[in-house]
Amino acid sequence: MPELPEVEHVRRTLVPHLVGRSLTVQTIGRADVIRGADGHRFRRSCRLLRQRLLDGGTVTCLGRLGKHLWIETEGGRRLDVHLGMTGRLTLVRPGRSLTGVPHVHVTWRIGTREQDEYDRLVFQDPRRFGCLRPFGNGAGHQWVILDRLGPDGLTIKARELEARMIARHRPLKAALLDQQIVAGLGNIYVDESLHRAGLHPLTRCCAVNREQYVLLGRSIRAILRQAVVHDGTTLRDYIDSEGRPGRFRSKLKVYGRAGLPCLKCQQPLHTLQVAQRTTVYCPQCQPASL
DNA sequence: CCGTAGACCCGGGGTG
DNA sequence: GATGGCCGGGTCTACG
């Protein structure tokens, strides 16, 4: 569920509490959520591991590309955070105990100032599909995953989309889920974007004309922007760094509404399986054009 | 005939 | 027993 809007909202809510503060690694629970740049498990001495987790660094900025969020400290150390399905990056107030809180994998103490509300940062993830990946200065090589991501969905241009998709034979939906084509879309926002653009999820990328790519690009940006404004979508697990759920769920037009009337034309919404994912669409507003 | 895009399946781990 | 909203890896097929 953390797709681009949720990750961007987490980033924004963390910035005022982390930038300019120092981080000290406090606890490491399951180290297997920490991966090397090659994607494999991290095998290093404990001290080096803490070092890679930004121990002792002062936060200079929080970056994001697609569903990836990273924390950067002075000296260029960076830590990529991927939330997977159920990951959370949250802030904790002084005095609040974490004992008994399940699935906490890494905690940091934040070097706070007088007026600061929070003194700790916590990464938790029950399913452990998420992970932490040190990269940048001190972690050796380039961050291959970042290099492979397509342009960010929030600002992607129609011409970029068209250039990346036009030669492909695959269905629109499969292509839009591919993070190498556009970064940040998951199942929810792909369905919302296609509905807004009036394009059938099974339409082959190569059968889409320029005008439709313009519409698609505009739809993706608009949907993501609106979702960010509403703090993202919470279906079940997602909360932001301050523990609040997103409010975009009630604005969804297709996702989770199979069988209910389309909000544009009142015809019942249908479902399909595309790329092994449940897909909701309106047969009337998104006519098949194979 | 070959190379590649892409389709399909699975694991990972928890909740219900 | 079923199961999203994720991702990577393995394998197999179809197409150019």
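Protein chains get the first letters and strands the later ones, always in sequence-line order, with residue 1 at the start of each. This one's a predicted model, so the numbers in the text were calculated from it and none came from an experiment.
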Suppose we define a pair by two distances each less than 3.5 Å, Watson-Crick or G-U wobble; what does dG11(B) pair with here? dC7(C)

Please say whether more than 12 non-hydrogen atoms of neighbouring residues, nucleotides or ligands are located less than 6.0 Å from CZ in R218(A). no

Which whole-number value in Å describes the distance from D125(A) CG to dT15(B) P? 11 Å

Between R21(A) and D116(A), is the closest basic N to carboxylate O distance under 4.0 Å? yes

Provide, to the nearest angstrom, the distance between the CZ atom belonging to R236(A) and the P atom belonging to dA2(C). 17 Å

Check this for me, if you would: do D125(A) and R88(A) make a salt bridge, where the nitrogen-to-carboxylate-oxygen distance has to be below 4.0 angstrom? no

Y189(A) OH to dG4(C) C1', in whole Å, measures 13 Å

Quickly work out the L132(A) CG to dC7(C) P distance and round it to whole Å. 15 Å

Take atom P in dA2(C) and the same atom in dC9(B), then report the distance between them in whole Å. 16 Å

Scan residues 82-89 of chain A against DNA chain C and write down, sorted by residue number, each residue with any heavy atom closer than 4.0 Å; if none is found, say none. H82(A), G84(A), M85(A)

Quick note, side chain to side chain donor-acceptor pair (under 3.5 Å) partners involving residues 159-170 of chain A, not counting sequence neighbours, are E162(A)-R210(A), R170(A)-D178(A)

Hits for side-chain hydrogen bond (donor to acceptor under 3.5 Å, both in side chains) against E8(A), two or more places apart or cross-chain, chain-then-number order -> R11(A), R12(A), R64(A)

Indicate whether any N or O donor in one side chain lies under 3.5 Å from an N or O acceptor in the other, for T90(A) and S241(A). no

Apply side chain to side chain contact (heavy atoms under 4.5 Å, CB included) to the pair L4(A) and L185(A), showing each step before the final yes or no. CA-CA 6 Å; L4(A) 185 152; L185(A) 297 175; over 6 Å; no

Taking dT15(B), dG4(C), dC7(C) as options, the one with an atom nearest any side-chain atom of H103(A) is dT15(B)

Mind calculating the distance between CG (L177(A)) and C1' (dC7(C)) to the nearest angstrom? 12 Å

Could you give the CD-to-C1' distance, from Q180(A) to dG9(C), as a whole number of Å? 14 Å

Can you pull out every ring pair (Phe, Tyr, Trp, His ring centres under 6.0 Å) where at least one residue sits in residues 257-284 of chain A? Sequence neighbours excluded, please. H200(A)-Y281(A)

Can you tell me the Watson-Crick or wobble partner of dC1(B), both distances under 3.5 angstrom? none

side-chain hydrogen bond (donor to acceptor under 3.5 Å, both in side chains) partners for E72(A), two or more places apart: R78(A)

Could you run through nucleotides 5-12 of chain B and give me one letter per nucleotide, 5' to 3': B if any protein heavy atom sits under 4.0 Å from the base, S if only the sugar-phosphate is that close, - if neither? -SSB---B

